Amino acid sequence: MLKPVDNEAREIKMLDGLWHFAQDPDDGGEGRGWHSSRLPGALKMPVPASYNDLTQDPALRDHVGAVWYQREVWVPRGWSHDDIEIRIGAAGNHATVWWDGICLGTHRGAFLPFSVSLGELTDEHVLHLLTIRVNNRLTFADLPTGNVVAAGMKRPGYTGKRVHQDSFHDFYNYSGIHRSVMLLHLPRHRIEAINVTSSIEGKLGILNWNVKEYGERGRLKVRLLDANAMEVAQGEGFQGSCTIENVHPWAPESPHLYLLQCDLLEGDKLVDRYALPVGIRTVSVSKDAFLLNGKPFYFRGVGKHEDSVLFGRGHNSVVLTKDFAMMEWLGANSFRTSHYPYDEEWLDEADRRGIAVIGEVPAVGFNPWNEKTDWFTHGKVDQHTLANHLADIEALIARDAHHPCIVAWNLLVEAPTYEEGALPYAEALVKRTRELDPTRPLTFEQSSRPEACRVQQLADFICVSRYYGWYENTGDLDEAVLTQCLMYELKAWRERFGQPVFMLEFGADTIAGMHSDPPVMFSEEYQVEIFRLYSQVLDQCPWIIGEHIWNLADFATKQGLNRMMGNRKGILTRDRQPKMGAHFLKRRWKSVDESGRPSS
Ligand code: GCB
């Protein structure tokens with residue numbers, strides 16, 4: 001799905017701002033006619049944002065079920081001759097859209113955009129009513145998985161009907177309309193999708209494009225422009241390729257972008273234009289290294305979340321700008337869109353700033369953390385979950401595959417890959433992903449034990465999440481214990497599967513301002529010590545291809561005994577101020593060799 005643009009052929013009307021809002025106590029709003037009349041009450045809610053932290057009402061914060069958003073819309077003059085779509089950047093987990101009381105469509109999934117077409121339903125002289133119902137319930141078929149249970153079920157006594165959202169992932173189930181809502185004015189005959197791949201032969205760059213049109217048959221002209229808007233290549237046809245002499249490859253140290261300008265013509269008349277920033281680069285994996293443009297690339301960086309104070313998971317360019325500034329300040333060259341696809345603006349910025357990204361589907365909450373309970377089984381993670389998982393992979397690749405910053409896909413997060421059912425499930429994921437995108441290496445975030453894992457052979461590199469000194473050997477920072485256990489495990493992965501290994505998650509909850517020497521858990525010193533000991537091990541293994549600490553910043557989670565107002569493994573506080581661990585990493589990541597590997 002193409003990101004909306006405003007140009008000579010296409011227009012955008014932003015619908016962000018304060019919308020009327022109502023909490024639906026019993027999911028009965030439609031029966032009460034809320035889809036076709038003004039919502040009751042006077043509450044308003046900003047779009048985009050999570051609603052959870054924006055009122056003083058605890059029942060709304062932890063509400064399970066539907067809420068309704070509504071606003072009035074004028075269709076701009078002259079638009080109704082062409083196609084008009086409503087585009088919702090992300091709303092979840094289930095959304096339904098009505099226009100003047102007529103249902104235009106539904107969507108599942110909280111992390112990818114969708115649009116509905118207005119067809120003939122536009123009158124430029126009438127004020128229209130746009131209503132969106134968002135339901136945050138998670139079931140085992142959803143990504144992330146969840147389960148709605150009766151509240152108070154752990155103890156007898158409660159006789160009410162309140163329900164509780166059980167979930168198995170470690171971030172708060174923020175709800176609402178999380179990304180921008182837009183009205184799009186599109187040509188009837190238009191460019192629907194653009195996919196690009198690239199390769200490099202010596203100084204020659206090769207760019208292949210595959211463009212889909214919507215509507216009748218037209219002609220496609222393609223021009224490739226450099227940063228000074230000078231044409232470097234051109235071509236014709238919906239599928240084709242061009243060569244670029246003395247190509248400037250895209251790489252983190254020089255994130256060179258070209259502009260692929262696609263013109264759709266009827267005869268000689270321009271009917272649509274879409275200019276897509278593209279990078280020419282290659283990615284592959286050897287036995288010991290991740291190769292970017294044929295050269296070893298070492299990942300220094302972070303796992304993170306779309307999470308911030310007040311906005312919750314709502315997309316926010318202010319937070320985005322600060323997070324990139326902090327990553328650059330740290331000397332990071334990469335991040336992972338843990339644990340779901342992010343707003344496209346993250347990828348545009350990563351392309352532009354030269355930050356490599358591992359893209360991820362919301363395949364999280366797949367683990368019961370109990371080896372006696374099967375999770376890849378009927379009624380839990382089963383064929384329904386798989387169908388949604390595959391659909392999310394398809395939508396993710398359709399949206400993001402053209403971004404040079406995305407160098408790999410992660411298809412599973414901390415799943416119990418030791419279970420028998422994990423193998424056919426992972427095989428289906430890998431088969432489909434490779435069909436859709438044969439160019440990018442694939443991985444799984446592994447928290448199973450190497451000797452028990454049944455799926456790693458399907459992937460290209462190993463990603464290990466492991467918390468020695470925290471969940472394992474809790475509170476034990478003894479240098480020999482930590483380094484020997486970690487080394488043993490990393491070597492076991494390497495020896496069994498023969499692939500390079502990425503230390504994808506490690507860290508420690510740290511309350512900013514808590515100090516202790518000798519270090520004890522939750523102190524800033526403890527987090528630094530974990531990083532120091534992990535670094536010692538990573539620096540001894542030539543087949544380690546990267547280190548991503550968990551997490552860039554503290555973030556909200558569901559409440560629990562091991563979460564003190566959220567997950568505190570951030571190297572930054574939730575308002576993005578550095579803890580001592582951030583200063584440690586900044587020093588470590590500053591001095592690097594050719595591949596980006598810390599050389600201290
Ligand atoms: C993990 C998960 C992440 C958690 C983290 C933790 O391995 O991938 O979602 O937040 O552990 O802190 O427990």
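If you're wondering where the values come from, they're calculated on a predicted model, not measured in any experiment. Numbering of ligands and ligand atoms starts at 1, following listing order.
Scanning the protein heavy atoms around atom 13 (O) of ligand 1, the nearest turns out to be Y471 OH, 2.4 Å. Looking only at protein heavy atoms, the nearest one to atom 4 (C) of ligand 1 is D170 OD2, 3.3 Å. Looking only at heavy atoms of the protein, atom 1 (C) of ligand 1 is closest to E505 OE1, 2.7 Å.
Salt bridge status for E349 with R353: present, with a side-chain N to carboxylate O gap under 4.0 Å. A salt bridge links R588 with E547; the closest basic N to acidic carboxylate O contact falls under 4.0 Å.
Remark: side-chain polar atoms of R440 are paired, donor with acceptor, to backbone N or O of I406 under 3.5 angstrom. Judged purely by atom type and a 3.5 angstrom limit, T55 uses its side chain to pair as donor or acceptor with the backbone of D57. With hydrogens and angles disregarded, no donor-acceptor distance shorter than 3.5 Å links the side chain of N93 to the backbone of L138.
Each of the atoms 2 (C), 3 (C), 8 (O), 9 (O) of ligand 1 lies under 4.0 Å from some heavy atom of H339. Interface atoms of ligand 1 facing K569, defined by a heavy-atom separation under 4.0 Å, are 6 (C), 12 (O), 13 (O). Close contacts of ligand 1 with F555, meaning ligand atoms under 4.0 Å from a residue heavy atom, involve 10 (O). If you number the atoms of ligand 1 from 1 as listed, the ones under 4.0 Å from a heavy atom of R563 come out as 6 (C), 12 (O), 13 (O).
Assignment of F171 to the shell around ligand 1 is not supported, since no heavy atom sits closer than 4.0 Å.
Taking the six-membered ring where the residue is Trp, the centroids of H548 and F502 are separated by under 6.0 Å.
Of the residues W550, F555, F168, the one that meets the ring-ring contact (aromatic ring centres under 6.0 Å, His included) test with H339 is W550.
Taking each heavy atom of L320 and H315 in turn, the nearest pair found is CD1-CE1, 3.9 Å.
Residue E445 touches ligand 1 through its side chain alone, judged by heavy-atom distances below 4.0 Å. Contacts between H305 and ligand 1, counted as non-hydrogen atom pairs separated by less than 4.0 Å, are absent for every part of the residue. Contacts between W470 and ligand 1, counted as non-hydrogen atom pairs separated by less than 4.0 Å, are absent for every part of the residue. Heavy atoms of N567 found under 4.0 angstrom from ligand 1 belong exclusively to the side chain.
Considering backbone and side-chain atoms alike, E414 places an N or O below 3.5 Å from some N or O of ligand 1.
Considering only heavy atoms from C-beta on, L585 stays 4.5 Å or farther from R300 through its side chain.
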